[in-house]
Amino acid sequence: LSNPVDIRREYYRKLLHEDEINAIIELEFLIKNRILNVTDLSNQPNACIEVEERHIIGLSIPNQELLNIPKSILKFKNLKVISFKNNLLKNFKILGELPTLEQIHLKENKIEEIPDEISKNSKLIVLDLKSNRISELNQSLLSLDKLKKLDLRQNQIKCLPEEINH
């Protein structure tokens, strides 16, 4: 355990699920243009760069088979854009705790419902939930005054609630 990445991995192993550990290790060293893009967690070099969370405004962790959004993203208080495309997520309640978000991209997951917590994302402009398992729309969407794009294609929605239909 002389490698800094291995030491951190052991520390995280006591606190987190295995799918979150790799994402956190990647969060520590994939930084470019204030956008954190985490891809192919299995083939990254064992390197580490200190991250100042306040400088990160975008986070992308696609194609990682994540079951949950890691709680560690909450330390990125200035996030404006977040993407967890093509994972195995079933919910995204935790994103309600990031009120600075302007874009949420969660297409190609296993999300079944839009949580009430979405109403806390008052700055939200884009919500991409294409290709999930959503069958109903949540009335909390009505509170998102700045929302300009809502992509719900390829879900299981059969009808719109009367409040949204008008």
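Hydrogens, waters and symmetry mates play no part in the numbers below; they use all other heavy atoms, side chains included.
In terms of hydrophobic clustering, with Ile, Leu, Val, Met, Phe, Trp and Tyr side chains grouped at heavy-atom distances under 4.5 Å, Leu124 and Leu150 are assigned to a common cluster. Follow the hydrophobic side-chain contacts under 4.5 Å out from Phe92 and you never reach Ile125; the two are in separate clusters.
Partners of Lys110 under the side-chain contact (heavy atoms from CB on, under 4.5 Å) rule, at least two apart in sequence or in another chain, are Leu88, Lys90, Arg133. Evaluation of the side-chain hydrogen bond (donor to acceptor under 3.5 Å, both in side chains) rule for Asn91 yields no partner, not counting sequence neighbours.
At a threshold of 4.5 Å between non-hydrogen side-chain atoms, the residues Leu141 and Leu127 count as touching. The closest side-chain heavy-atom distance from Asp128 to Leu106 is not below 4.5 Å. Looking at Leu89 and Leu67, their side chains never come closer than 4.5 Å, going by heavy atoms from C-beta outward. Looking only at side-chain heavy atoms (C-beta outward), Ile57 and Leu79 stay at 4.5 Å or farther from each other. Counting only heavy atoms from C-beta outward, the side chains of Asn138 and Ile118 never approach each other to under 4.5 Å.
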Exercise for review: For side-chain contact (heavy atoms from CB on, under 4.5 Å), just list the numbers for Val81 and Leu59, CA-CA rounded to whole Å, side-chain angles, deciding distance to a tenth of an Å, and then say yes or no.
Suggested key: CA-CA 6 Å; Val81 179; Leu59 173 64; over 6 Å; no

Yes or no on side-chain contact (heavy atoms from CB on, under 4.5 Å) for Leu137 and Ile157, after CA distance, side-chain angles and deciding distance? CA-CA 8 Å; Leu137 294 185; Ile157 299 170; 3.5 Å; yes

Go through the steps to decide whether Leu129 and Ile114 satisfy the test side-chain contact (heavy atoms from CB on, under 4.5 Å), and finish with yes or no. CA-CA 9 Å; Leu129 296 169; Ile114 299 171; 3.8 Å; yes

I'd like to know whether Asn68 forms a side-chain contact (heavy atoms from CB on, under 4.5 Å) with Leu66, so could you lay out the CA-CA distance, the side-chain angles of the two residues, the decisive distance to 0.1 Å, and finally the verdict.
CA-CA 6 Å; Asn68 299 297; Leu66 291 176; over 6 Å; no

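Of the N and O atoms on the side chains of Asn86 and Asn109, not one donor lies less than 3.5 Å from an acceptor on the other residue.
Of the inter-residue distances, the one linking Glu136 atom CD with Gln139 atom CD reads 10.5 Å to the nearest 0.5 angstrom. The CD1 atom of Ile69 sits 9.0 Å away from atom CD1 of Ile61, with the distance rounded to the nearest 0.5 Å. Taken to the nearest 0.5 Å, the CG atom of Asn121 stands 11.0 Å off from the NZ atom of Lys123. Atom NZ of residue Lys71 and atom CD1 of residue Ile94 lie 7.0 Å apart, to the nearest 0.5 angstrom.
Sorted by first and then second residue, the side chain to side chain donor-acceptor pair (under 3.5 Å) pairs with a member in residues 150-160 read Ser131-Gln154, Asp151-Arg153; sequence neighbours excluded. The stretch residues 92-108 participates, sequence neighbours left out, in these side chain to side chain donor-acceptor pair (under 3.5 Å) pairs: Gln103-His105.
Taking all atoms of both residues into account, the shortest heavy-atom contact from Ile104 to Leu95 is CG2-CD1, 3.7 Å. Scanning both residues, Phe76 and Leu98, for their nearest heavy atoms gives O-CD2, 3.6 Å. Contact record, Phe84 with Asn87: O-ND2, 3.2 Å, taken as the closest heavy-atom pair.
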